[in-house]
Participant: 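Next up is a structure, given as structure tokens.
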Amino acid sequence: MQHLSHIGLHAYPAWSETLRDRSHVLIRPMEKGDAAAERKFTEALPSDAERFRVMGQIARPSSSAIERSPLVDYGAEMAFVAVAYPADGQERIVGVSRYRTATRGLKCECVVTVSDAWREKALGTSLMRHLIEIARSEGFRSMYSIDAAGNTAMSDLAGSLGFRTRMDPYDDRQVIHELEL
């Protein structure tokens, strides 16, 4: 696989994914024009805090954060959106995954969010597998996620992908999932 930091965004193609229930989504790199669709996606998510871990914060992202979200620096981060086309034919974001490193270092933090209607279909697994593949190809040595300790969905996903889990030494309400790449 080619390194995204050396080539343009469009060199990494979108792909169609058939999920566990035989439904289909298109997964593609996030684009500048995705802000409005990502806002709709985020606003439709339930309000329980453990589902809204956004790169080190447990909170619903601010309007300015959502506006900046599609502005991906592909040398230091990657972001995918999973889109579905319901009966009305309008593209809708049903899942988002991303990794980011603040220092362009060897570690990156990851996050994955899937709408409730698309859970239990292995969409989060698919999004994360591709994210892991890109992080490896970009030379990252490890990937981690900091999540609420009670977030069993993320713990199950992390475990199935080979992440090691430990308690956050600074906050016993959180766990750290880490994968050596």
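The first residue of the sequence shown is numbered 1, and numbering continues consecutively from there.
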Participant: Please check if the side chain of Ser126 supplies one atom and the backbone of Leu123 the other of a donor-acceptor pair under 3.5 Å.
Facilitator: no

Participant: Check whether any side-chain heavy atom of Met128 sits under 4.5 Å from a side-chain heavy atom of Leu179, and report yes or no.
Facilitator: no

Participant: Answer whether the closest heavy-atom distance between the side chains of Glu77 and Arg98 falls below 4.5 Å.
Facilitator: yes

Participant: Side-chain contact test, heavy atoms from C-beta onward, threshold under 4.5 Å: evaluate it for His130 versus Glu17 and give yes or no.
Facilitator: yes

Participant: Got a second to check how far Met30's CE is from Phe80's CZ, nearest 0.5 Å?
Facilitator: 10.5 Å

Participant: Measure across Arg22 and Thr18 and return the closest heavy-atom pair with its distance rounded to 0.1 Å.
Facilitator: CA-CG2, 3.9 Å

Participant: Closest heavy-atom contact between Ile27 and Leu127?
Facilitator: CG2-CD2, 3.9 Å

Participant: Could you give me the CA-CA distance, side-chain angles and deciding distance for Met167 and Val175, then say whether side-chain contact (heavy atoms from CB on, under 4.5 Å) is met?
Facilitator: CA-CA 4 Å; Met167 292 302 298; Val175 294; 3.7 Å; yes

Participant: Is there a chain of hydrophobic side chains (I, L, V, M, F, W, Y, each step under 4.5 Å between heavy atoms) that links Ile132 to Met154?
Facilitator: yes

Participant: Taking it one step at a time, do Thr113 and Thr42 satisfy side-chain contact (heavy atoms from CB on, under 4.5 Å)?
Facilitator: CA-CA 9 Å; Thr113 306; Thr42 302; over 6 Å; no

Participant: Is the closest side-chain heavy-atom distance between Leu131 and Val112 below 4.5 Å?
Facilitator: no

Participant: With a 4.5 Å cut-off on side-chain heavy atoms, are Glu38 and Val81 touching?
Facilitator: no

Participant: Are Glu180 and Arg164 side-chain neighbours, meaning at least one heavy-atom pair lies under 4.5 Å?
Facilitator: yes

Participant: Considering all heavy atoms of both residues, which atom of Ile176 and which atom of Tyr144 are nearest to each other, and what is their separation?
Facilitator: CG2-CB, 4.4 Å

Participant: For Lys121 and Val94: C-alpha separation, side-chain torsions, deciding distance, then whether side-chain contact (heavy atoms from CB on, under 4.5 Å) applies.
Facilitator: CA-CA 12 Å; Lys121 298 180 183 208; Val94 296; over 6 Å; no

Participant: Counting C-beta onward and ignoring hydrogens, is there a side-chain heavy-atom pair between Glu178 and Lys107 closer than 4.5 Å?
Facilitator: yes

Participant: Give a yes or no on whether the backbone of Ile134 and the side-chain of Ser137 come within a donor-acceptor separation of less than 3.5 Å.
Facilitator: yes

Participant: Quick one, Asp116 with Leu45, criterion side-chain contact (heavy atoms from CB on, under 4.5 Å). Give me CA distance, side-chain angles, the key distance, then yes/no.
Facilitator: CA-CA 7 Å; Asp116 275 357; Leu45 293 170; 5.8 Å; no

Participant: Just by distance, do the side chain of Asp156 and the backbone of Ala153 share a donor-acceptor pair under 3.5 Å?
Facilitator: no

Participant: Can you check whether Glu91 reaches Tyr85 side chain to side chain, under 4.5 Å on heavy atoms?
Facilitator: yes

Participant: Within a reach of under 6.0 Å around CD of Glu120, are more than 12 heavy atoms found that belong to other residues, nucleotides or ligands?
Facilitator: no

Participant: For the residue pair Phe140 and Tyr99, does the interplanar ring angle fall in the parallel (under 30°), tilted (30 to 60°) or perpendicular (over 60°) class?
Facilitator: perpendicular

Participant: So, does Arg92 use its side chain to make a donor-acceptor pair with the main chain of Ala84 at under 3.5 Å?
Facilitator: no

Participant: Quick one: CD1 on Ile93 to CH2 on Trp118, what's the gap to the nearest 0.5 Å?
Facilitator: 13.0 Å

Participant: Using 0.5 Å steps for rounding, measure from the SG atom of Cys108 to the CE atom of Met78.
Facilitator: 12.0 Å

Participant: Once rounded to the nearest 0.5 Å, what's the spacing between atom CG of Asp168 and atom NE2 of His177?
Facilitator: 11.0 Å

